[in-house]
Amino acid sequence: MHIRAATTKDISLLCDLYTKFYCYNASLQPKYCIAAIETGEYLKWIMEQPAHTLFLAEYENSIGGFIHLAIAETPNYPSVAAHTFGQIVDLFVLEKYRGKGIGKQLVSAAKRWQTSKSLAYLELEVLANNLQAIKFYQKMGLTASRLTLNS
């Protein structure tokens, strides 16, 4: 397995992965997520943003998954100590590659990226009914720092 930064040459492969990712999210949260087809426009936008990074996991001559990372800053609140942190925007591993360590390697790459950028921590959001993802992140040593309630 090899983790590497995505390039514009990977957009067609990533379109397929993101389309599957959108379908997966729509199955978990049909009220808010749409099983859209990724055309590449979103991916081009990500790759043009200096604060965004996409890593790919190559496994058996295929792309088995990806992680999308972004640099974020705290809002300008007088009661919050200003700091810069990393966000895991998206993480997805194709079903046939799950359980092979790809997700773990992608999160490890995210942690290295966080350190290389001198970011305070990594933050992510997970759908409450995505129990597989919650279990995975807990196994990786990540813990909940806040709870978001939807009506």
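Side chains included, hydrogens not; waters and symmetry mates left out as well; all remaining heavy atoms used.
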Between Phe92 and Tyr18, does the ring centre distance come in under 6.0 Å? no
Results of ring pair (Phe, Tyr, Trp, His ring centres under 6.0 Å) for Tyr24 - residues two or more places apart only: none
Taking every non-hydrogen atom, the tightest pair across Leu106 and Leu56: CD2-C, 4.2 Å
Which residues satisfy the ring pair (Phe, Tyr, Trp, His ring centres under 6.0 Å) test with Tyr137, sequence neighbours excluded? none
From His68 NE2 over to Gln87 CD, what is the distance, rounded to the nearest 0.5 angstrom? 9.0 Å
Counting heavy atoms not belonging to Gln49, are there more than 12 under 6.0 Å from its CD? yes
Could you list the residues that satisfy side chain to side chain donor-acceptor pair (under 3.5 Å) with Tyr22, not counting sequence neighbours? Glu38
Using the rule that two of Ile, Leu, Val, Met, Phe, Trp, Tyr join whenever any of their side-chain heavy atoms come within less than 4.5 Å, decide whether Leu124 and Met140 are in one cluster. yes
Across all chains, not counting sequence neighbours, the side chain to side chain donor-acceptor pair (under 3.5 Å) partners of Thr7 are Asp10
Would Trp45 and Leu69 show up in the same hydrophobic cluster when neighbours are defined by side-chain heavy atoms closer than 4.5 Å? yes
Does Glu58 have any side chain to side chain donor-acceptor pair (under 3.5 Å) partners at least two apart in sequence or in another chain, and if so, which? Arg4
How about Asn129: does its CG atom have over 12 heavy atoms from other parts shown lying under 6.0 Å from it? yes
Among all residues two or more places apart in sequence or in another chain, which pass the side-chain contact (heavy atoms from CB on, under 4.5 Å) test with Glu41? Thr39, Lys44
Is the backbone N or O of Ala81 less than 3.5 Å from a side-chain atom of His83, with the two atoms forming a donor-acceptor pair by type? yes
Would you say Leu14 and Phe66 make side-chain contact, with heavy atoms under 4.5 Å? yes
Nearest 0.5 angstrom please: Met1 CE to Tyr97 OH, how far? 11.0 Å
About how many Å separate OG1 of Thr84 and CG of Leu119, when rounded to the nearest 0.5 Å? 7.0 Å
Mind listing the closest non-hydrogen atom pair of Leu43 and Cys15 along with its distance? CD1-N, 3.6 Å
Taking only residues two or more places apart in sequence, or in another chain, which ones meet Cys23 in a side-chain contact (heavy atoms from CB on, under 4.5 Å)? Ala35
Point-to-point distance, once rounded to the nearest 0.5 Å, from CG of Asn130 to CD of Gln29: 10.0 Å
Cluster question for you: counting only ILVMFWY and a side-chain heavy-atom cut-off of under 4.5 Å, with indirect links fine, are Ile37 and Ile11 together? no
Where do Phe85 and Thr74 land on the side-chain contact (heavy atoms from CB on, under 4.5 Å) test, with the steps shown first? CA-CA 8 Å; Phe85 58 97; Thr74 54; 4.2 Å; yes
Looking only at heavy atoms, which two atoms of Ala57 and Ile102 are closest? And how far apart? CB-CG2, 3.4 Å
Phe136: which residues meet the ring pair (Phe, Tyr, Trp, His ring centres under 6.0 Å) condition with it, sequence neighbours left out? none
Among pairs that include at least one residue of residues 59-72, which meet salt bridge (Lys or Arg N to Asp or Glu O under 4.0 Å), considering only residues two or more places apart or in two chains? none
Minimum heavy-atom distance between Pro30 and Ser27, given as atom pair plus value: CD-O, 4.0 Å
With side chains defined as the heavy atoms from C-beta onward, is the minimum distance between Leu94 and Lys20 less than 4.5 Å? yes
Which heavy-atom pair separates Val126 from Ala133 by the least distance, and what is that distance? CG1-CB, 3.8 Å
Pairs where residues 99-120 contributes a residue and the test side chain to side chain donor-acceptor pair (under 3.5 Å) is met, not counting sequence neighbours: Thr53-Trp113
Sorted by chain and residue number, the side chain to side chain donor-acceptor pair (under 3.5 Å) partners of Lys139 (sequence neighbours excluded) come out as none
Got a sec, which residues hit salt bridge (Lys or Arg N to Asp or Glu O under 4.0 Å) with Glu73, two or more places apart in sequence or on another chain? none
Centroid separation His2 to Tyr59 less than 6.0 Å: no
Could you walk me through whether Ile67 and Leu54 pass the side-chain contact (heavy atoms from CB on, under 4.5 Å) test, one step at a time? CA-CA 6 Å; Ile67 191 165; Leu54 263 171; over 6 Å; no
Any side-chain heavy-atom pair from Leu17 and Phe21 closer than 4.5 angstrom? no
Residues Ala6 and Met47: closest non-hydrogen pair is CB-CE, 3.8 Å
